[in-house]
K.L.:
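Once you've had a glance at the structure underneath, I'll fire off some questions.
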Amino acid sequence: MSIIQPRTLKGFRDYLPATMAAREEVVATARRVYRGFGFAPIDTPALEYSEILLGKGGDESDRQMYRFKDHGGRDVALRFDLTVPLARFAAQHAARLGIPFKRYHVGPVWRGENTQRGRYREFVQFDFDTIGTESLLADVETLVVVHDLFAELGLSEFVIHFNNRDLLNGLLEGLGLSEQADSILRSLDKLPKIGIDGVRSELATAAGASPDQAEAILALAGLQGSNDEVLTALPAIVGDTSTARAGMAALESVLEGVRASGVAEERIRVDVSIARGLAYYTGTVFETFLTDVPGIGSVCSGGRYDDLASLYTKQRLPGIGGSLGVDRLVAAMEELGMVDDSGAAADIFVALFVADRAGDYLSLAAELRSAGLSVELYPDARKLGAQMKYADRRGHQLAVIIGEDEWERRTAQVKTLATGRSVEVPLAELTQRCSELLEASS
RNA sequence: GUGGCCGUAGCUCAGUCAGGCAGAGCACCUGGUUGUGGUCCAGGAUGUCGCGGGUUCAAAUCCCGUCGGCCACCCCA
């Protein structure tokens, strides 16, 4: 029989222990932060009816969607984000949930796009959203959650860039270009790449903007400075439509709220160039960048979507939320050397020294575990040196060594691997002494 | 999806231009010590050269296809 080549699909990956342990830690931290703000867990199916997902994220999302007929001939698709399923979920369960409804949701999503560093076809998002309120306090809270999340993760160098789509919408209304909003948005998004002149010519060709219109749009996109400088300059640039005024007011109000929440000025930036491609965003939009890993792009982004649930219900269910890119974040942390590659080792290593006494070692390990300690018993009675080497490589804190002599004396040697120091303790005190040693080294 | 570069030991890579015995460093295994890791010394094992086909006396090397990775476009976590 021939051997089948072991392999994974393009854009799909296996996760080794070191990476997976890092991911679990990120998820645990995010969960703790989300819960601290009153978000509750939910889950939804990976597979949905295509009609639920199609047309919600824009043409690009539709193109990238994994879509096929299931065994019953149903037209189905894998979710490409967690926000659209949430909208369906909220519409379906609104009556039971109560408003506002705050939920978090972690799971894989799928996009059939071309791969690149930090971009895969299957990746994990960890979302949090607030459904059922238009209050800007929810916008403020969303940004504060992101801030606390990155602070808790130990990533000190990050900046949350935020904007309000009404600024551009208002400007375009005044210019009579509302119809071309999508195409203009896409052109503006390329500003860092193709420059002012590139965007200017693209605005003319793709959106049919006149030279004057293009200049007005570019004046907005090119606006830079401190948060207060940008806010001061904006009114003259975005014009005097009611939409633009609303966008201005929202932007100022959100920034004020974020400041009041104690977020440092250098962590939050009004950035009118943040547009976000997904079609469903309506007001506040944001992206989060790691200053030390610029190449990886945004690791947490989101915004307000006041019309999304209207696709599934007549009830008005506005929402706002954010999406943490778990894989991207773990990749960034690996680049920053924040992930040690030993994987998750148990605190205590027990050498299997005397093969005949396997039962004694097993009950000893069980006793330590019942006290809440994590214990690994080596499965083979190999040379002690080899076992010690294994324990060292694996990253255990303590090694418990009990040979025939110790068994007879009813004692154990407990070795602190980092220092090499070893103490002999009575078996009766082993649990307590191990706890103390672990406490001391942490 | 389109285009460019790349794929050789567990890892990082040399060897490919100009076809001629498949290599280095690190990691790994064994020994130097009857029962103690990280250093040192000695020795050892390890490859469908991504996969399939073609050209050739001979292919890691040249050609075609395919799968995968990276980069750009596009878009995005």
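A, B, ... follow the sequence lines: proteins, then strands. Residue 1 opens every chain.
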K.L.:
Under a 3.5 Å cut-off for both contacts, is B:C75 paired Watson-Crick or G-U wobble with anything, and if yes, with which nucleotide?
P.N.:
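B:C75 is paired with nothing.
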K.L.:
Applying side chain to side chain donor-acceptor pair (under 3.5 Å) to A:Asp380 and A:Tyr390, what does each step give before you reach the verdict?
P.N.:
CA-CA 12 Å; A:Asp380 298 297; A:Tyr390 171 85; over 6 Å; no
K.L.:
Looking only at the side chains, is there a donor atom on one of A:Glu406 and A:Thr411 sitting less than 3.5 Å from an acceptor on the other?
P.N.:
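A:Thr411 and A:Glu406 do not have a side-chain donor-acceptor pair below 3.5 Å.
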K.L.:
Between atom CD in A:Glu202 and atom C1' in B:C75, what is the gap in whole Å?
P.N.:
13 Å
K.L.:
Please report the distance separating the P of B:A27 from the corresponding atom of B:G69, rounded so that it comes out in whole Å.
P.N.:
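One P to the other, the span is 30 Å.
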K.L.:
If we take the C1' atom in both B:C62 and B:U56, what is their distance in whole Å?
P.N.:
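So the two C1' atoms sit 10 Å from each other.
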K.L.:
Suppose you measure atom P in B:U36 against the same atom in B:G31; what distance do you get, rounded to whole Å?
P.N.:
12 Å
K.L.:
Reading nucleotides 65-73 of chain B from the 5' end, what letters show protein touch, with B for base, S for backbone sugar-phosphate only, - for no heavy atom under 4.0 Å?
P.N.:
--SSSSBBS
K.L.:
Rounded to the Å, how far apart are A:Lys389 NZ and B:G37 C1'?
P.N.:
8 Å
K.L.:
Measuring to OP1 and OP2 of B:G31, would you say a side-chain N or O of A:Lys383 lies under 4.0 angstrom away?
P.N.:
yes
K.L.:
Across the strands shown, which category fits A:Gly385 at heavy-atom distances under 4.0 angstrom: base, sugar-phosphate, nothing?
P.N.:
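Counting heavy atoms under 4.0 Å across all strands, the contact made by A:Gly385 is with sugar-phosphate only.
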K.L.:
When you look at A:Glu48 and A:Arg79, which way does the salt bridge (Lys or Arg N to Asp or Glu O under 4.0 Å) test go after all the steps?
P.N.:
CA-CA 7 Å; A:Glu48 298 262 7; A:Arg79 63 186 180 207; over 6 Å; no
K.L.:
How far does the P atom of B:G3 sit from the matching atom of B:C64, given to the nearest Å?
P.N.:
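Result for the P pair: 14 Å, nearest Å.
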K.L.:
Which one of A:Val272, A:Thr243, A:Leu220, A:Leu172 satisfies the side-chain contact (heavy atoms from CB on, under 4.5 Å) criterion with A:Val238?
P.N.:
A:Leu220
K.L.:
What does B:C70 pair with, Watson-Crick or G-U, if both distances are under 3.5 Å?
P.N.:
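For B:C70, the partner nucleotide comes out as B:G4, under the 3.5 Å rule.
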K.L.:
In whole Å, measure the gap between the P atoms of B:C70 and B:C63 for me.
P.N.:
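It works out to 25 Å between them.
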K.L.:
Do the side chain of A:Ser187 and the main chain of A:Ser183 share a donor and acceptor less than 3.5 angstrom apart?
P.N.:
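Answer holds: yes.
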K.L.:
Under 4.0 Å between any heavy atoms, over every strand shown, what does A:Tyr390 touch: base, sugar-phosphate, or nothing? Just pick one.
P.N.:
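No contact.
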K.L.:
Hey, which sits more toward the 5' end of RNA chain B by its nearest nucleotide, A:Phe353 or A:Arg63?
P.N.:
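Looking at the nearest nucleotide for each, A:Phe353 comes out on the 5' side.
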K.L.:
I need the CG-P distance between A:Asp127 and B:C76, as an integer number of Å.
P.N.:
15 Å
K.L.:
Which whole number of Å gives the distance between the P atom of B:G25 and that of B:C5?
P.N.:
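One P to the other, the span is 32 Å.
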K.L.:
Show each protein N/O and nucleotides 6-9 of chain B N/O combination with a separation under 3.5 Å, one pair to a line.
P.N.:
none

K.L.:
Within the 4.0 Å heavy-atom criterion, would you say A:Ala418 contacts the bases, only the backbone, or no part of the nucleic acid?
P.N.:
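Counting heavy atoms under 4.0 Å across all strands, the contact made by A:Ala418 includes a base.
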K.L.:
Write down the distance separating the C1' atoms in B:G47 and B:A60, rounded off to the nearest Å.
P.N.:
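Nearest-Å result for B:G47 against B:A60 at atom C1': 11 Å.
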K.L.:
Tell me: CD of A:Glu287 to P of B:C75, nearest whole Å?
P.N.:
13 Å
K.L.:
With rounding to whole Å, what would you report as the distance between B:C21 and B:C49 at their C1' atoms?
P.N.:
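Nearest-Å result for B:C21 against B:C49 at atom C1': 15 Å.
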K.L.:
State whether the distance check finds a donor on one side and an acceptor on the other, under 3.5 Å, for side chain A:Asp392 versus base B:G38.
P.N.:
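Between B:G38 and A:Asp392, which were checked side chain against base, a qualifying N/O pair under 3.5 Å is absent.
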K.L.:
Supply the atom-to-atom distance A:Tyr361 OH to A:Tyr378 OH, rounded to the nearest 0.5 angstrom.
P.N.:
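That separation rounds to 14.0 Å.
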K.L.:
Would you mind reading off the distance between A:Glu404 atom CD and B:U34 atom C1', rounded to a whole angstrom?
P.N.:
14 Å
K.L.:
Should B:G23 form a Watson-Crick or G-U wobble pair with both distances under 3.5 Å, which nucleotide is its partner?
P.N.:
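Because both required distances fall under 3.5 Å, B:G23 counts as paired with B:C13.
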K.L.:
Would you tabulate the side-chain donor-acceptor contacts of residues 151-162 of chain A under 3.5 Å, counting partners in other chains and residues two or more places apart, or write 'none'?
P.N.:
residue, atom, partner, partner atom, Å
A:Glu152, OE1, A:Arg32, NH2, 3.0
A:His161, ND1, A:Asp271, OD2, 2.7

K.L.:
The test is side chain to side chain donor-acceptor pair (under 3.5 Å); show your working for A:Arg23 and A:Tyr15 and say whether it passes.
P.N.:
CA-CA 10 Å; A:Arg23 174 198 278 189; A:Tyr15 301 89; 3.2 Å; yes
K.L.:
List the residues meeting salt bridge (Lys or Arg N to Asp or Glu O under 4.0 Å) with A:Glu367, not counting sequence neighbours, and say none if there are none.
P.N.:
none
K.L.:
Look at the side chain of A:Gln387 and the backbone N and O of A:Arg382, then say whether any donor-acceptor pair between them is shorter than 3.5 Å.
P.N.:
yes
K.L.:
Can you tell me how far P of B:G37 sits from CG of A:Leu398, to the nearest Å?
P.N.:
17 Å
K.L.:
Does B:A77 have OP1 or OP2 sitting under 4.0 Å from an N or O in the side chain of A:Ser301?
P.N.:
yes
K.L.:
Under 4.0 Å from OP1 or OP2 of B:U30: is there any side-chain N or O of A:Arg382 that close?
P.N.:
yes
K.L.:
Among A:Phe39, A:Tyr104, A:Phe101, find the residue that satisfies the ring-ring contact (aromatic ring centres under 6.0 Å, His included) test when tested with A:Phe128.
P.N.:
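With A:Phe128 as partner, ring-ring contact (aromatic ring centres under 6.0 Å, His included) holds for just one option, A:Phe39.
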K.L.:
Assess, by modelled atom type and distance only, whether the side chains of A:Glu265 and A:Asn227 contain a donor and an acceptor separated by less than 3.5 Å.
P.N.:
yes
K.L.:
Within this structure, what is the CG-to-C1' distance between A:Leu16 and B:C11, rounded to whole angstrom?
P.N.:
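About 12 Å, once rounded to whole Å.
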K.L.:
With a cut-off of under 6.0 Å to the ring centre and 45° to the axis, is A:Arg13 in cation-pi contact with A:Tyr120?
P.N.:
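Ring-cation test returns yes.
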K.L.:
Given that both distances must come in under 3.5 Å, which nucleotide forms a Watson-Crick or G-U wobble pair with B:C62?
P.N.:
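Across all strands, the one nucleotide that pairs with B:C62 is B:G54.
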K.L.:
What parts of residues 405-417 of chain A reach RNA chain B, counting only heavy atoms under 4.0 Å away?
P.N.:
A:Asp405, A:Glu406, A:Gln413, A:Lys415, A:Leu417
K.L.:
Paired with B:C29 by Watson-Crick or G-U wobble geometry, both distances under 3.5 Å: which nucleotide is it?
P.N.:
B:G43
K.L.:
Side chain to side chain contact (heavy atoms under 4.5 Å, CB included) with A:Ser50: which residues, sequence neighbours excluded?
P.N.:
A:Leu54, A:Arg67, A:Asp75, A:Ala77
K.L.:
A:Arg394 has an atom CZ; how far is it from atom P of B:U36, in whole Å?
P.N.:
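Those two atoms, CZ and P, are 22 Å apart.
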